Student: 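Here's a structure for you.
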Amino acid sequence: MKRYYCVFLCLLLVSACSSPSVYADQTMNCQATDKKAIASLFDRWNASLATLDPDKVVANYSDDAVLLPTVSNKPRLNHRQIRDYFVEFLKQKPQGKINQRVIKIGCNTASDVGLYTFTLRDKKGKTTVVKARYSYIYDYQNGQWLIEHHHSSALPE
């Protein structure tokens, strides 16, 4: 009898653990999107750079976003820190261009990773081109896609 009870208990546990409700909230709705829409999020971010307004750039990031920026060794872990980075970075009038990318889409999350080139201008108008690798992780929150994680680093020589 104990043997059958043990088998029954094991089967019950296996069926409970394989139920989707153990792993995810079944009421979650996935926002419909496609690769073109996710690619346009970089364009939105890049256009916000062109405004030279750090608050417009920061509006692309979630409240708890992480920025690992190209021209700073300091991780930025909240809107205030991200804004501080862009106050300085925007002085160089940056504009980015995607060279190569891979976009993957999940339920209310998406990633865009690849290579991009930034054109920067100093106060005298001298142009510098920086080739870098990047990753953006987006989350769909409160009706919009926001950057949850952004990493950018110059390509090694």
Side-chain angles (χ1 to χ4, degrees), residues 17 19-157:
C17 289
S19 168
S21 64
V22 171
Y23 299 108
D25 179 1
Q26 290 184 351
T27 63
M28 181 177 199
N29 293 318
C30 299
Q31 177 64 27
T33 193
D34 58 25
K35 290 182 178 184
K36 184 177 178 183
I38 298 304
S40 75
L41 297 174
F42 172 82
D43 298 333
R44 178 186 75 182
W45 178 82
N46 201 36
S48 72
L49 292 180
T51 69
L52 303 179
D53 181 343
D55 294 317
K56 290 186 179 175
V57 179
V58 171
N60 293 290
Y61 292 83
S62 71
D63 290 338
D64 61 349
V66 174
L67 169 63
L68 303 173
T70 311
V71 294
S72 173
N73 293 329
K74 180 181 174 187
R76 310 304 168 121
L77 307 175
N78 57 51
H79 272 192
R80 184 185 54 76
Q81 293 174 355
I82 292 170
R83 185 184 188 286
D84 288 347
Y85 172 77
F86 281 109
V87 164
E88 293 305 312
F89 187 61
L90 291 174
K91 290 177 182 177
Q92 300 176 69
K93 300 179 181 167
Q95 277 299 281
K97 179 184 172 225
I98 300 290
N99 303 107
Q100 181 181 352
R101 71 171 12 133
V102 175
I103 293 175
K104 297 195 177 191
I105 299 171
C107 180
N108 297 333
T109 187
S111 64
D112 179 357
V113 300
L115 303 175
Y116 55 14
T117 301
F118 265 91
T119 302
L120 308 172
R121 289 178 183 75
D122 68 15
K123 291 178 183 178
K124 296 179 181 179
K126 181 183 175 193
T127 300
T128 304
V129 174
V130 177
K131 293 180 184 249
R133 52 191 156 206
Y134 72 88
S135 61
Y136 291 93
I137 306 298
Y138 298 100
D139 278 345
Y140 190 76
Q141 302 175 12
N142 302 320
Q144 63 180 334
W145 287 97
L146 295 172
I147 300 167
E148 185 68 26
H149 168 82
H150 176 192
H151 170 258
S152 180
S153 58
L155 290 175
E157 295 288 334

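Small disclaimer: the values here were computed from a predicted structure and weren't measured.
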Student: Check whether Thr117 reaches the backbone of Gly96 with its side chain - one donor and one acceptor, N or O, closer than 3.5 Å.
Tutor: no
Student: Does some side-chain heavy atom of Tyr134 sit less than 4.5 Å from a side-chain heavy atom of Phe42?
Tutor: no
Student: Between the side chain of Arg76 and the main-chain N/O of Lys74, is any donor-acceptor distance below 3.5 Å?
Tutor: yes
Student: Would you say that Leu115 contacts Lys131 through its side chain, given a criterion of any heavy-atom pair below 4.5 Å between the two side chains?
Tutor: no
Student: For the side chain of Ser40 and the backbone of Asp43, is there at least one donor-acceptor N/O pair under 3.5 Å apart?
Tutor: no
Student: Got a second to check how far Asn60's CG is from Gln144's CD, nearest 0.5 Å?
Tutor: 8.5 Å
Student: Taking all non-hydrogen atoms of both residues, which atom of Val130 and which atom of Ala154 are closest, and how far apart?
Tutor: CG1-CB, 4.3 Å
Student: Tell me, with the steps shown, if Asp84 and Glu88 meet side-chain contact (heavy atoms from CB on, under 4.5 Å).
Tutor: CA-CA 7 Å; Asp84 288 347; Glu88 293 305 312; over 6 Å; no
Student: Could you check Thr127 against Thr119 for side-chain contact (heavy atoms from CB on, under 4.5 Å), going step by step and ending with a plain yes or no?
Tutor: CA-CA 7 Å; Thr127 300; Thr119 302; 3.4 Å; yes
Student: Using side-chain heavy atoms (C-beta onward) and a distance below 4.5 Å, is Asp139 in contact with Leu146?
Tutor: no
Student: Rounded to the nearest 0.5 Å, what separation is found between the CG atom of Asp55 and the OG atom of Ser48?
Tutor: 11.0 Å
Student: I'd like to know if the side chain of Asp64 reaches the main chain of Glu148, judged simply by a donor and an acceptor atom lying under 3.5 Å from each other, with no hydrogens or angles considered.
Tutor: no
Student: For residues Leu90 and Pro54, report the shortest heavy-atom separation together with the two atoms involved.
Tutor: CD1-N, 3.5 Å
Student: Does a side-chain heavy-atom distance below 4.5 Å link Ser72 with Phe89?
Tutor: no
Student: Could you state the interatomic distance from CD1 (Ile98) to OH (Tyr116), rounded to the nearest 0.5 Å?
Tutor: 7.5 Å
Student: Applying side-chain contact (heavy atoms from CB on, under 4.5 Å) to Leu41 and Asp112, what does each step give before you reach the verdict?
Tutor: CA-CA 9 Å; Leu41 297 174; Asp112 179 357; over 6 Å; no
Student: If you compare all heavy atoms of Pro94 against all heavy atoms of Leu49, which two are closest, and at what distance to 0.1 Å?
Tutor: O-CB, 3.8 Å
Student: Quick one: closest heavy-atom pair of Asp63 and His79, and the distance?
Tutor: OD1-CE1, 3.5 Å
Student: Search all heavy atoms of Pro75 against all heavy atoms of Gln81 and return the closest pair with its distance.
Tutor: O-OE1, 3.9 Å
Student: Output the distance between atom CZ (Arg44) and atom CG (Asn46), rounded to the nearest 0.5 Å.
Tutor: 12.0 Å
Student: Look up atom OG in Ser111 and atom OH in Tyr136, then write down how far apart they are to the nearest 0.5 Å.
Tutor: 13.0 Å
Student: Below 4.5 Å, heavy atoms only, C-beta onward: do Gln95 and Lys97 meet side chain to side chain?
Tutor: no
Student: Find out whether His151 and Val66 are in side-chain contact, i.e. whether some heavy atom of one side chain is under 4.5 Å from a heavy atom of the other.
Tutor: no
Student: May I ask you to test the Tyr85-Leu67 pair for a side-chain heavy-atom distance under 4.5 Å?
Tutor: yes
Student: Quick check for you: to the nearest 0.5 Å, what is the distance between Phe86 atom CZ and Lys56 atom NZ?
Tutor: 15.0 Å
Student: Examine distances only and state if a side-chain atom of Asn108 and a backbone atom of Gln31 form a donor-acceptor pair shorter than 3.5 Å.
Tutor: yes
Student: Would a 4.5 Å heavy-atom cut-off, applied to side chains only, mark Ile38 and Trp145 as touching?
Tutor: yes
Student: Do the rings of Trp45 and Phe118 sit parallel, tilted or perpendicular, given the 30° and 60° boundaries?
Tutor: perpendicular
